[in-house]
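Have a look at the structure below before the remarks.
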Amino acid sequence: MTTKYLTFDCYGTLINTDPVYQWIENLGLAAGLDPKAVRAAYDAYENDPVSVTPYLDFADLVRENLKHLDGMFEQQHFFESHYAECLQVQRNLLPFPEVVPTLKRWHDQGIQLIIMSNSSWDIMPANVAALQVPFAAVITAEDVQAYKPDVHFFKTVQDRFNFTPENHWHVAQGYGSDVVPATALNWPMMWVNRKHQTPTASATPTQTVTNLQAAEEWIGE
């Protein structure tokens, strides 16, 4: 029997990251700043490829991002002083409500579940434990020394598991980070578009759903 694989982005697809950004907003409020502006600045820095060129581990990226907020909003050491707390917020994140039951059904069908995450190993174990399902592999940016959407990340995993269009789907929320590079490699792509985002490029996913459970219509036995 052919082994079937599902690869997943972690944050925003399986794990709800909203508490991180709410925490960032709360820090902004505590500093007397516009919380939405602080959140937007944090998000923009995190998603800018320049921020991770050359490569640095995710925990270090978080610290640099907080230092960037200090500089941008003239806060001296305020944001960076909360660095350890920020990492703990990341570790305490929980799955979306439908995620664990859906993952368990796929696992029970014998599908090999693989995480591909822009994270590092000082954070990832807690997030994986929250998902309550055995994974065939958890591959982080730290492992491949590159962040999605770098195609090197995708090719590394593809070569390791010998993905084909017949044995594999990629499931992810990030359009720029996942949909664009996955479709460039002709991966069957399930876009979990929870927030009804508009595509920012011409890449077209194979299917689009609004939560993980809805993906079972196309993926599974």
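Values reported hereafter were calculated over all heavy atoms of this structure, with side chains retained and with hydrogens, waters and symmetry mates removed.
With hydrogens and angles left out, the side-chain atoms of Tyr147 and Glu142 include no donor and acceptor closer than 3.5 Å. Looking only at atom types and distance, the side chain of Tyr11 has no donor-acceptor partner in the side chain of Ser117 under 3.5 Å away.
Between the Asn193 side chain and the Thr208 main chain, no donor and acceptor come within less than 3.5 Å of each other. Side-chain atoms of Ser177 never come within 3.5 Å of backbone atoms of Lys148 as a donor-acceptor pair (strictly under, hydrogens ignored). Although no hydrogens or angles enter the test, the distance criterion places a donor-acceptor pair under 3.5 Å between the side chain of Asp34 and the main chain of Lys36. In this structure, the side chain of Asn118 does not engage the main chain of Ala141 through any donor-acceptor pair within 3.5 Å. Asp143 contributes a side-chain N or O that, together with a main-chain N or O of Thr140, makes up a donor-acceptor pair within less than 3.5 Å. Counting only distance, with no hydrogens or angles, the side chain of Thr183 and the backbone of Val180 share a donor-acceptor pair below 3.5 Å.
Here the CD1 atom belonging to Ile24 is positioned 5.5 Å from the CG atom belonging to Leu66, to the nearest 0.5 angstrom. The CD atom of Gln88 lies 5.0 Å from the CZ atom of Arg91; values are rounded to the nearest 0.5 Å. Taken from OG1 in Thr7 to CD1 in Ile139, the straight-line distance is 9.0 Å, to the nearest 0.5 Å. Rounding to the nearest 0.5 Å gives a distance of 8.5 Å between CG of Asp48 and OG1 of Thr53. Rounding to the nearest 0.5 angstrom, the gap separating the CZ atom in Arg39 from the OH atom in Tyr21 is 7.5 Å. Put simply, CD on Gln109 and CD1 on Ile219 are 10.0 Å apart, with the number rounded to the nearest 0.5 Å.
In the hydrophobic cluster analysis, where Ile, Leu, Val, Met, Phe, Trp and Tyr join through side-chain heavy atoms closer than 4.5 angstrom, Ile15 is grouped together with Val209. Using a 4.5 Å cut-off between side-chain heavy atoms of Ile, Leu, Val, Met, Phe, Trp and Tyr, with links allowed through other members, Leu6 and Ile114 fall into different hydrophobic clusters. Clustering ILVMFWY residues whenever any of their side-chain heavy atoms sit less than 4.5 angstrom apart, transitively, puts Leu61 in the very cluster that holds Trp121. Connection of Val128 to Leu113 is established within a shared hydrophobic cluster, with ILVMFWY side chains joined at heavy-atom distances below 4.5 Å, either directly or through further cluster members. Residues Met189 and Val157 are members of separate hydrophobic clusters, defined by side-chain heavy-atom contacts under 4.5 angstrom among Ile, Leu, Val, Met, Phe, Trp and Tyr.
For residues 177-216, every residue pair satisfying the ring pair (Phe, Tyr, Trp, His ring centres under 6.0 Å) rule, not counting sequence neighbours, is listed here: Phe154-Trp187, Phe163-Trp187, His168-Trp187, His170-Trp187, Tyr175-Trp191. Applying the salt bridge (Lys or Arg N to Asp or Glu O under 4.0 Å) definition to pairs two or more places apart or across chains, those involving residues 58-69 are Arg63-Glu80, Glu64-Lys67. Within the structure, salt bridge (Lys or Arg N to Asp or Glu O under 4.0 Å) contacts touching residues 191-201 (residues at least two apart or in different chains) are Asp18-Lys195, Glu98-Arg194.
Every residue two or more places apart in sequence or in another chain was checked for a side-chain hydrogen bond (donor to acceptor under 3.5 Å, both in side chains) with Trp218, and none qualifies. For Arg160, there are no salt bridge (charged side-chain N to carboxylate O under 4.0 Å, His left out) partners, not counting sequence neighbours. Legend: residues meeting ring-ring contact (aromatic ring centres under 6.0 Å, His included) with Tyr83, ordered by chain and number and at least two apart, are absent.
Taking 4.5 Å as the limit, every side-chain heavy atom of Tyr42 sits out of range of all side-chain heavy atoms of His68. Within the 4.5 Å cutoff, no side-chain heavy atoms of His152 are placed close to those of Gln145. Side-chain contact between Trp169 and Lys4 is absent, with no heavy atoms from C-beta onward closer than 4.5 Å. In this structure, the side chains of Val171 and Asp9 stay at 4.5 Å or more apart for every pair of heavy atoms. Counting heavy atoms from C-beta outward, Lys155 and Leu185 have side chains that approach closer than 4.5 Å. Leu103 is listed as a side-chain neighbour of Leu212, based on a closest heavy-atom distance under 4.5 Å. Side-chain contact between Thr102 and Arg105: present, with at least one pair of heavy atoms (C-beta onward) separated by less than 4.5 Å. With contacts defined as side-chain heavy-atom distances shorter than 4.5 Å, the pair Thr3/Asn167 does not qualify.
Considering every non-hydrogen atom in both Pro181 and Val151, the closest pair reads CB-CG2, 4.3 Å. When all heavy atoms are compared, the tightest approach of Gly12 to Thr17 is N-CG2, 3.9 Å. The two residues Thr156 and Val144 come nearest to each other via the heavy atoms CG2-CG1, 3.8 Å. Across all their heavy atoms, Phe79 and Gln75 have their closest contact at CE1-CG, 3.7 Å. The two residues Thr206 and Pro188 make their nearest non-hydrogen contact at OG1-CA, 3.5 Å. Closest approach of Val100 to Pro95, counting heavy atoms only: CG2-CG, 4.0 Å.
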Show your reasoning for whether side chain to side chain donor-acceptor pair (under 3.5 Å) applies to Glu85 and Trp23.
CA-CA 10 Å; Glu85 183 182 348; Trp23 180 84; 2.8 Å; yes
Go through the steps for Tyr45 and Asn47 under the test side chain to side chain donor-acceptor pair (under 3.5 Å), then give the verdict.
CA-CA 5 Å; Tyr45 187 93; Asn47 290 295; over 6 Å; no
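Of the options Asp178, Ile115, Val99, Val192, a side-chain contact (heavy atoms from CB on, under 4.5 Å) to Thr13 is made by Val192 and by none of the others.
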